[in-house]
K.L.:
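Quick one: this structure, given as structure tokens, is what I'll be asking you about.
Note that the coordinates shown come from a computational prediction; the quantities given were computed from them, not determined experimentally.
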Amino acid sequence: MPKKRSGGGLTKTQQAAKFLGVAALSGVVLAGIALPAAGALGLAAKGTVDGFDEIPANLKTPPLSQRSKILDSEGGLIATVYSRDRTVVPLTSISPYMQKAIIAIEDARFYEHGAVDLKGILRAMNRNVQAGGTAEGASTLTQQYVKNVFVEEAGNDPDKVAQATQQTLGRKIQELKYAIQVEEELGKKKILENYLNITFFGQQAYGVEAASQRYFSKSAKNLSLEEAALLAGIVQSPSRYDPINDIEEATKRRNTVLQRMADTGKISREEAEKAQKNPIKLKVKRPQNGCITAVNGAGFFCDYVQKIVKNDPAFGKTEKERAKLWATGGLTIKTTLDPRSQAASNEAATSRVNSDDKVAAAVVQVQPGTGRILAMAQSRPYGLDPSKHQTMLNLSVDHAMGGSYAGFQVGSTFKPITAAAALEKGISPAQSFDTPSSITLPADAFRTCEGAPADNKPWDVENETETEKGMFDMTSALGKSINTYFAKLEEKAGLCETLTMAKKVGYTRGDNKPLLQIPTTTLGSQESTPLAMAAVYATFANRGTYCSPVAILSVKKADGSAIDVPKSKCDRAMSEHTADTLNQMLKGVVEDGTGTQAGLSDRDNAGKTGTTDERKNVWFVGYTPNLSTAVWVGSDGARQESMTNIVIGGQYYDKVCGGCLPGPIWKTAMTGSLSPSETPSFNAVDVPRAKEKEKEDKDKRNRDRDKRKPGDNKPGDDNPFPGISIPPGVIGGPGDDNGHGRGQNDGGVNGP
């Protein structure tokens, strides 16, 4: 029976035999003798590959996982994302000290031998036999490079990593064969470049550039002698020689590398001794990975961009292809995010709603005519730490893209869609209904697109208060958000026509299901998202042409090639005249309707408030000819808060409404985003009015004008006492938007 050393392991004779076998095998391969089939060698098929006689393309130019950069529309960095932190650089951008150090410690005869160093194998065998164990390895840089390629290809799959690193004879033969072919086709300098870019240096840093940035906060081309020696020493055991966790062990290893560089003539003895005396000086740069590092609260937009790449067929036909593209990285993704708009929206979202409030706020901005998403912000920060009130839930988008399960009821912000359907059907804006504060409409008053009754029971509709009754035309009904009027208008325009218009303007449910054919749709009972609502109102601003939202302008791969990104699709949803008429009517909402606190005084602007049953969701969606913004405030948790008698952003509200909280948030976002020098106007059209309503509104304007003196606030301002500054929240009563009650209804949903 063969003898073993005490404690187990092979005897020196057995070790010698083992190394001689490897040496003999190496000699066979080096001699270029064709290898027989694996079966003829008695090797298991596992550990070999198909096409063994041809070098895989990935060994020549391996698809190394790198950092991807997500940029805003002006080229500013939003965030850096990666599965492996790596930046590939050419050999000319790597310090000569680094090149010499890695060769000295890992493969001193790199430029002298072929793919396999037979002399090195024999030397290692002799040293290991003398030491009674493995004191020195014999793999060349080329062999290490080949193995690293297989490990890189395995990614984070533990089974594939195990297969790539298995120590079978078949695997060794494979690596030797490929090493020879790599040497022939790439040459020494390219192999060294690839090796330095693929190798792991600890602390999540792959490749020498990332390692140099991690430990010294500098580029690899600027590494000093002792810095290069430190990095070269880490490669053998990144955890053991980690200078951040064990400076003493790392110093010993660095000095060993310096000594080896002197022994092999890479540097002089004097240089080595001087460098060895210098203490290690780190300037650590911690990893900044992922959307959590995004600036100006753009983490949610960053996450949305990531989900587009992983889900849109433009980035790969299959889910697996798209996942590989993202993991491989090296992408430069230029997005539609406007830095000015994002900063303003982030400020607005956090200005009146605190991160630890019971409710949250979301702000989204879309550019009319292009569909570009300019901003996406929330009151809660993006992240995974609930103790800091962080969340990964993107309140602005649908469920498929990381949003809530169903979205949020939109309340009266849907009413302009009903108005558009009515106008397109030829119903005049002067159409008036004399309505009480509550009405009951028969079960067969609404028909589906298939002609069937939409419900089997009558629909009871109520306004916000009993005082909201009388004669209303379309303009006044939008301004005061009269539920009973819009229930009758939907009946007259048609439920199917209303739903068809909703689809045309981009109104989609947050759960991605088809729109339900239910009468309460006109009051905003069907859930949607802030992004969808911003795009809907951008259609009005764009004079009736809907453009689907887009977040990405361009994507370039690491090699500079471009990927054809998804484009916005623009289609006419209504006539220009219909859109122009809507714009004029919705101007009234911010001038003397439910949205007076949101109105902008320096330019044309329009919008609509929305409040759902029990005030669980409140909205303001508004726009100028060149910017559409949706603001939502509501519950982002499992429990839906009724926003009555509640403190939000440090302010008490007895009743939260669309004009009194989302409205001012909208105004802050718009004011910060829009340029004072660009003030385009809506296309002016005459909007027919019901004669009695026209006279009533004219008389009211005259009365307001007569009450004011030069310098007083304009009609519609929220201060009822001209010339006197009154803090928000001091005065309540009908029509105010400070949360202490309101006289106008901004759209509670009646029914489910």
K.L.:
Measure the spacing between CG of L523 and OG1 of T611 and express it to the nearest 0.5 Å.
P.N.:
12.5 Å
K.L.:
Locate the shortest heavy-atom distance separating G637 from Q640; write the atom from each residue and the value.
P.N.:
O-NE2, 3.4 Å
K.L.:
Checking the side chain of S568 only, and the main-chain atoms of S548 only, is there a donor and an acceptor separated by less than 3.5 Å?
P.N.:
yes
K.L.:
Mind checking whether T391 and F300 have side chains closer than 4.5 Å, heavy atoms only?
P.N.:
yes
K.L.:
Would you kindly say whether D398 and N512 are connected by a side-chain donor-acceptor distance under 3.5 Å?
P.N.:
yes
K.L.:
Provide the closest heavy-atom pair for Y623 versus A541 in the form atom of the first, atom of the second, distance.
P.N.:
CD1-CB, 3.5 Å
K.L.:
Does Q342 reach the main-chain N or O of L337 with its side chain, forming a donor-acceptor pair under 3.5 Å?
P.N.:
no
K.L.:
Which atom pair, heavy atoms only, marks the closest approach of G544 to A579?
P.N.:
N-CB, 3.3 Å
K.L.:
Are F472 and T484 packed together at the side-chain level, in the sense that at least one heavy-atom pair is separated by less than 4.5 angstrom?
P.N.:
no
K.L.:
Where the side chain of N542 meets the backbone of T545, is there a donor-acceptor pair that is under 3.5 Å apart?
P.N.:
yes
K.L.:
Is it true that atom CD of Q390 has more than 12 heavy atoms of other residues, nucleotides or ligands lying nearer than 6.0 Å?
P.N.:
yes
K.L.:
Between T80 and Q288, does a side chain to side chain contact (heavy atoms under 4.5 Å, CB included) hold up when you go through it step by step?
P.N.:
CA-CA 7 Å; T80 301; Q288 294 290 308; 5.9 Å; no
K.L.:
Would you tell me whether S481 and S412 have side-chain atoms, one donor and one acceptor, within less than 3.5 Å of each other?
P.N.:
yes
K.L.:
Which heavy atom of G506 sits nearest a heavy atom of V536, and at what distance?
P.N.:
C-CG2, 3.9 Å
K.L.:
For G622, is there any backbone N or O sitting under 3.5 Å from a side-chain donor or acceptor partner on W666?
P.N.:
yes
K.L.:
Heavy-atom count around K469 NZ within 6.0 Å, excluding the residue itself: above 12?
P.N.:
no
K.L.:
Check C302 against I78 and note the closest heavy-atom contact, atom names and distance.
P.N.:
CB-CG2, 4.4 Å
K.L.:
Side chain to side chain donor-acceptor pair (under 3.5 Å), that's the test. Do N683 and D580 meet it? Break it down for me.
P.N.:
CA-CA 6 Å; N683 190 56; D580 292 340; 2.8 Å; yes
K.L.:
When you measure from the side chain of R543 to the backbone of F682, do you find a donor-acceptor pair of N or O atoms at a distance under 3.5 Å?
P.N.:
no
K.L.:
If you define the side chain from C-beta out and look only at heavy atoms, does anything of K608 sit under 4.5 Å from V621?
P.N.:
no
K.L.:
Atom CG in L489, atom CG in D473: separation rounded to 0.5 Å?
P.N.:
11.0 Å
K.L.:
Do the side-chain N and O atoms of S437 and N463 include a donor-acceptor pair separated by under 3.5 angstrom?
P.N.:
no
K.L.:
Judged by modelled atom types alone, do Y653 and N645 share a side-chain donor-acceptor pair under 3.5 Å?
P.N.:
no
K.L.:
After noting the C-alpha distance and the side-chain angles of D338 and Q365, does the key distance pass the side chain to side chain contact (heavy atoms under 4.5 Å, CB included) rule?
P.N.:
CA-CA 10 Å; D338 176 67; Q365 296 191 327; over 6 Å; no
K.L.:
How far does CG of D385 sit from CD1 of I292, to the nearest 0.5 angstrom?
P.N.:
8.0 Å
K.L.:
Answer yes if the side chains of Y382 and N394 hold a donor-acceptor pair under 3.5 Å, and no otherwise.
P.N.:
no
K.L.:
Would you indicate whether K488, at its atom NZ, is surrounded by more than 12 heavy atoms from other residues, nucleotides or ligands within a distance under 6.0 Å?
P.N.:
yes
K.L.:
Parallel, tilted or perpendicular: which fits the ring planes of W619 and W632, with parallel below 30° and perpendicular above 60°?
P.N.:
perpendicular
K.L.:
Check step by step if side chain to side chain contact (heavy atoms under 4.5 Å, CB included) holds for L674 and L600.
P.N.:
CA-CA 11 Å; L674 293 167; L600 306 175; 4.1 Å; yes
K.L.:
Is any side-chain heavy atom of K616 closer than 4.5 Å to a side-chain heavy atom of S635?
P.N.:
no
K.L.:
Does K415 reach the side chain of I482, with side-chain heavy atoms less than 4.5 Å apart?
P.N.:
no
K.L.:
Can you check whether A534's main-chain N or O pairs, donor with acceptor, with S628's side chain at less than 3.5 Å?
P.N.:
yes
K.L.:
Test S351 against T668 for side chain to side chain donor-acceptor pair (under 3.5 Å), laying out the working first.
P.N.:
CA-CA 9 Å; S351 63; T668 298; 4.7 Å; no
K.L.:
For the pair D303 (side chain) and G299 (backbone), establish whether a donor and an acceptor sit closer than 3.5 Å, ignoring hydrogens and angles.
P.N.:
no
K.L.:
I would like to know whether R509 and D511 meet salt bridge (charged side-chain N to carboxylate O under 4.0 Å, His left out); could you show each step before the answer?
P.N.:
CA-CA 5 Å; R509 288 176 56 92; D511 57 9; 2.9 Å; yes
K.L.:
Got a donor-acceptor contact below 3.5 angstrom from the Q409 side chain to the T612 backbone?
P.N.:
no
K.L.:
For V505 and A573, work out which heavy atoms get closest and say how close.
P.N.:
CG1-CB, 3.8 Å
K.L.:
Is the closest side-chain heavy-atom distance between F301 and T336 below 4.5 Å?
P.N.:
yes
K.L.:
For the residue pair I333 and I70, establish whether any side-chain heavy-atom pair is separated by less than 4.5 Å.
P.N.:
yes
K.L.:
Before giving the answer on side chain to side chain contact (heavy atoms under 4.5 Å, CB included), spell out for I552 and D312 the whole-Å C-alpha distance, their side-chain angles and the decisive distance to 0.1 Å.
P.N.:
CA-CA 12 Å; I552 300 175; D312 197 294; over 6 Å; no
K.L.:
Nearest 0.5 Å please: distance from the CG atom of L515 over to the OH atom of Y507.
P.N.:
7.0 Å
K.L.:
What distance separates R352 CZ from Q651 CD, expressed to the nearest 0.5 Å?
P.N.:
6.5 Å
K.L.:
Indicate yes or no: at least one non-hydrogen side-chain atom of C660 is less than 4.5 angstrom from one of K655.
P.N.:
no
K.L.:
With rounding to the nearest 0.5 angstrom, report the CD1 to CE distance, I648 to M643.
P.N.:
6.0 Å
K.L.:
Is there a donor-acceptor contact under 3.5 Å from the side chain of R615 to the main chain of E641?
P.N.:
no
K.L.:
Sub-3.5 Å donor-acceptor pair from the side chain of T293 to the main-chain atoms of G290, do we have one?
P.N.:
yes
